[in-house]
2 protein chains.
Amino acid sequence: MLQSLLGYNVRRAQVTLARDFQQHVGQGKIRPVVFCILVLAEAQPGIAQVELARKLALDKASVVALIDRLEGAGLVERRRSTLDRRRQGLFVTPQGLLRLQTLKDEVSRHERQFLERYSPVEIALLVSLLQRIYE
Amino acid sequence: MLQSLLGYNVRRAQVTLARDFQQHVGQGKIRPVVFCILVLAEAQPGIAQVELARKLALDKASVVALIDRLEGAGLVERRRSTLDRRRQGLFVTPQGLLRLQTLKDEVSRHERQFLERYSPVEIALLVSLLQRIYE
DNA sequence: TATTGTTATACTCTATAACTATA
DNA sequence: TATAGTTATAGAGTATAACAATA
């Protein structure tokens, strides 16, 4: 009966993926959300923290704490925007880019373990069905 | 690029479902995990706490805390097994059964909001694809 | 007035480790 | 020795509220 609930199945899948991520990515020190921040900042240098919060469905205050640690580790830096001085654009440092490359490889290996269980069509389908939940 | 990651999509879906659950079930006081415990205890009266932990992918110590609160609210009770005196079987109280019925209705309404977005075939497919991740 | 970022704070959720009582 | 349950504890992860600076 539990197995028929969408919420139960999504939660079990999420827990499984999160634990495997922790075991195989960044020696357990990089969380999925932090990885996402790095990826987004690389794709869109100078991205605002509010926008990260929106894209990751977090409160902006939570994002601040995450970036504090990333900045402390020298992987990103904040730069005040000259156009809108309220904004602190986020940039991945050269060291961060290097680290990100390693992380991406680890994430790929981690994901592959699960993607292997599907055909390409099934993966595309699964992703698109999941997006219908949160989009 | 993030959108192509299985982990990202599952996480976003899970967060969306969990927030909606909190808004629509048990006045925000019942968490998904707690609901699951009630359902499992109803389906299998006297179920052991270790087994709940296993089925919900939690540590047994975490289950103890959850059941403490359920017991405090009078929704379940522990009864020492006479066959194996280490075991504390879990039983839903009459009051708990009443409450569970309400919760089930609320969960159904909550789930329906999302299930509406799919055809029956798609739902079955989504669930079966998700199970391949955690089974 | 609204928005960006920040700080301080508190709460929830979970695991770990060490323990007991039973087996 | 192993298992079921418990306690104490600590560490995450997050949100809320109040604030400063800027628009």
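Bear in mind that the values here come from a model prediction, so they are computed numbers and not experimental data. Order of the sequence lines sets the chain letters (A, B, ...), proteins ahead of strands, with each chain counted from 1.
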Gap between atom CG of D84(B) and atom CD of Q88(B) - 0.5 Å precision: 11.0 Å

Using a heavy-atom cut-off of 4.0 Å across all strands, would you classify [X] as base, sugar-phosphate, or nothing?
X      : result
R69(A) : nothing
R19(B) : sugar-phosphate
R79(A) : nothing
V64(B) : base
A61(B) : base

Given Q14(B), which partner from the list I133(A), V10(A), L17(A) fulfils the side-chain contact (heavy atoms from CB on, under 4.5 Å) test? V10(A)

On the nucleotide dT6(C), are OP1 or OP2 found under 4.0 Å from the side-chain N or O atoms that Q88(A) carries? yes

N/O (side chain, Q22(B)) to phosphate O (OP1/OP2, dT12(C)) under 4.0 Å: no

Selection from dT4(C), dA15(D), dT6(C) that lies nearest to any side-chain heavy atom of L58(A): dA15(D)

Ignoring the backbone of K60(A), work out which of dT6(C), dT6(D), dT14(D) is nearest its side chain.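 Nearest nucleotide to the side chain: dT6(C).
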
Please tabulate, one pair per line, each protein N/O and nucleotide N/O from nucleotides 20-23 of chain C that are separated by under 3.5 Å, including the distance.
| unit_1 | atom_1 | unit_2 | atom_2 | d |
| --- | --- | --- | --- | --- |
| dA23(C) | OP1 | R85(B) | N | 3.0 |

Scan the side chains in residues 37-52 of chain A for donor-acceptor partners under 3.5 Å anywhere in the protein, sequence neighbours excluded, and list what turns up.
| unit_1 | atom_1 | unit_2 | atom_2 | d |
| --- | --- | --- | --- | --- |
| E42(A) | OE1 | K104(A) | NZ | 2.8 |

